[in-house]
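This structure is a prediction, so every number in the text was calculated from the model and none was measured. For the numbers below, each heavy atom of this structure counts, side chains included, while hydrogens, waters and symmetry mates do not.
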Amino acid sequence: MSVFAKSTFNASTYSASRPRYPQQLFEYIFSFHRGGSKARWERAVDLGCGTGQATVELRPFQEVLGVDPSPGMLDKARAYTEGLGAHTETNIPAFKFVQGSAEDLSKAIPEAGSVDLLIAAQAAHWFDWKKVWPEVNRVLRPGGTAAFWVYTEIRLTDHPGLTPLITQFFQGQDPVTSIGPHFSRPGRTILERYLVDVPDPSKILKDGALEPLHRTFFCEGPPFKPENAEKHPIIMRSEMRWRDLLGYFRSASALHTYHEQFPEDLDAEEDKRLLGEDLIDSQDSGGDIAVRFWRDLRVGALEQTPGTQVRLEDKVVVEWPVALLLTRKL
């Protein structure tokens, strides 16, 4: 997680390259919250809010608070939400952003029992749950909901045969040919395991104030999926240009760490595969590990499905498995 707080980490590039969360996901969470007999819609909190991508979707609530340890991320989130008022005629909540961590919300949220919905999008795998569950219990009011989710490695919808190549790039063990060893652990491992290692609140809290976790997978589900978990079809899907897919790969925190360890890779010899399909003056040239992997996928798509269009402006359908945890304050 520390990569995001480094001065060399570009929050703008990260925000522009990350996928958007589907509206169906928020509708699912809001429906769960609405199902509680004491549900209220006054205050929502986004833990690890980053640039505010999920924060802005909490519009059913009157007040929305974003919490993040990175000042750079918070600056982008403030700018993002301030711009909403100029582009919409609908009522928007009062957004506020403060620096803090999920493990200690005493400064960000000093009032106990004051939060109706607490979320964490693509952040929960970093949490210390021995500290987070007591804080969740403290800040939620009775009937309040906590919703934590992550998305895992991409899948190319029309090219399932490339999944092993994607897994090797993101989860491989070779520190030279894979960025897998350069992710922060154990957080990344928890994400790769779809949050199944997140303990139930009852394992941490003694008073049983939170419902047992409701585990939901919007995907086929991993082989280690708990028996009582719900399974739904993929809902997080996007049509991207091949050019944008490279931008997504470049936004990986592990790639940033990889190039700190292997700076010479940034000057690697040009990967000339498919250069005839690309623009001569394109910024998408080079030969570093991200470009090599990106071209591996494009070449692989051509080999597995002859005639596939893989030029920079051509589109490719990308999907992300999502794992969601839900609980409610009794």
With rounding to the nearest 0.5 Å, note down the distance linking CH2 in Trp126 to CG in Leu47. 16.0 Å
Tell me whether Gln304 contacts the main-chain N or O of Leu302 through its side chain, where contact means a donor paired with an acceptor under 3.5 Å. no
In the hydrophobic clustering (ILVMFWY, side-chain contacts below 4.5 Å, transitive), which residues join Leu266, or is it alone? none
Are the side chain of Thr81 and the backbone of Ala77 linked by a donor-acceptor contact shorter than 3.5 Å? yes
May I ask whether Ile154 and Ile289 are part of the same hydrophobic cluster, defined by side-chain heavy atoms of I, L, V, M, F, W, Y residues being less than 4.5 angstrom apart, directly or through others? yes
Evaluate the side-chain proximity of Lys315 to Met240: yes if any heavy-atom separation is below 4.5 Å, no if none is. no
Test side chain to side chain donor-acceptor pair (under 3.5 Å) applied to Asp116 and Gln62, Arg43, Arg141, the passing residue: Arg141
Which atoms form the tightest heavy-atom contact between Asp288 and Arg250, and what is the distance? OD1-NH2, 3.1 Å
Nearest non-hydrogen partners of Ala120 and Asp46, listed with the distance: CA-OD1, 4.2 Å
Smallest heavy-atom separation, Leu213 atom then Pro201 atom, equals CG-CD, 3.7 Å
Distance from Phe169 atom CZ to Glu153 atom CD, nearest 0.5 Å? 10.5 Å
Under 6.0 Å from the CD atom of Glu42, do we count more than 12 heavy atoms belonging to anything else shown? yes
Keeping to residues at least two apart or across chains, list the side-chain hydrogen bond (donor to acceptor under 3.5 Å, both in side chains) pairs with something in residues 319-328. Thr157-Glu319, Glu211-Arg328, Arg237-Glu319, Tyr248-Trp320
Taking side-chain hydrogen bond (donor to acceptor under 3.5 Å, both in side chains) as the definition, give me every residue that meets it alongside Arg138, ordered by chain and number, with sequence neighbours left out. Glu135
Evaluate the side-chain proximity of Tyr80 to Val56: yes if any heavy-atom separation is below 4.5 Å, no if none is. yes
Is it true that Trp149 and Leu191 fall in one hydrophobic cluster, defined by side-chain heavy atoms closer than 4.5 Å? no
Within the supplied structure, the quantity of interest is the number of heavy atoms (other residues, nucleotides, ligands) at a distance under 6.0 Å from Glu269 CD; does it exceed 12? no
Please determine which of Val317, Leu165, Ile166 meets the side chain to side chain contact (heavy atoms under 4.5 Å, CB included) test together with Leu156. Ile166
Side chain Asp68, main chain Gln99, donor-acceptor under 3.5 Å: no
What closest approach, in Å, do Arg20 and Met236 show between heavy atoms, and which atom pair accounts for it? O-CE, 3.9 Å
ring-ring contact (aromatic ring centres under 6.0 Å, His included) filter on Phe218, not counting sequence neighbours, yields Tyr28, His232
Please answer whether the main-chain N or O of Asp128 pairs with a side-chain N or O of Glu103 as donor and acceptor at a distance below 3.5 Å. yes
Let's go through Asp265 and His259 carefully: what are the C-alpha distance in whole Å and the side-chain angles of both, what is the deciding distance for side-chain contact (heavy atoms from CB on, under 4.5 Å) to 0.1 Å, and is it a yes or a no? CA-CA 7 Å; Asp265 182 66; His259 282 137; 2.8 Å; yes
Tyr21 with Leu325, same ILVMFWY side-chain cluster at under 4.5 Å: no
Results of side chain to side chain contact (heavy atoms under 4.5 Å, CB included) for Thr163 - residues two or more places apart only: Arg155, Thr167
For residues His159 and Thr305, determine if any side-chain heavy atom of one lies less than 4.5 Å from a side-chain heavy atom of the other. yes
CD1 of Ile179 to CD of Gln168: how many Å apart, nearest 0.5 Å? 11.0 Å
Quick one: closest heavy-atom pair of Glu57 and Phe30, and the distance? O-CZ, 3.5 Å
Is a donor on one side and an acceptor on the other found under 3.5 Å between the side chain of Tyr258 and the backbone of Val176? yes
Residue pair Trp294 / Trp242: nearest heavy atoms and the distance that separates them: NE1-O, 2.8 Å
CG-CD distance between Asp244 and Glu239, expressed to the nearest 0.5 angstrom: 11.0 Å
Residues Glu192, Arg185: salt bridge by 4.0 Å N-O rule: yes
Euclidean distance, Lys96 NZ relative to Thr55 OG1, rounded to 0.5 Å: 14.5 Å
Are Trp129 and Val45 linked, directly or through intermediate hydrophobic residues, by side-chain heavy-atom contacts shorter than 4.5 Å (ILVMFWY only)? yes
Do the side chains of Asp296 and Arg273 get nearer than 4.5 Å, heavy atoms only? yes
So, does Glu63 use its side chain to make a donor-acceptor pair with the main chain of Phe61 at under 3.5 Å? no
Please report the interatomic distance CG(Leu312) to CG(Leu246), rounded to the nearest 0.5 Å. 9.0 Å
Within one Ile-Leu-Val-Met-Phe-Trp-Tyr cluster: Leu118 and Leu205, side-chain cutoff 4.5 Å: yes
Keeping Asn137 on the side-chain end and Pro134 on the backbone end, is there a donor-acceptor pair under 3.5 Å? no
Checking the side chain of Arg292 only, and the main-chain atoms of Asp271 only, is there a donor and an acceptor separated by less than 3.5 Å? no
Side chain to side chain donor-acceptor pair (under 3.5 Å) with Thr145: of His33, Lys329, Arg34, only one passes, and it is His33
Please give the remaining members of the hydrophobic cluster of Phe224, linking ILVMFWY side chains under 4.5 Å, ordered by chain and number. Tyr194, Val196, Phe217
Check: Pro175 main-chain N/O paired with His182 side-chain donor or acceptor under 3.5 Å: yes
Ion pair Asp75/Arg78, N-O distance below 4.0 Å: yes
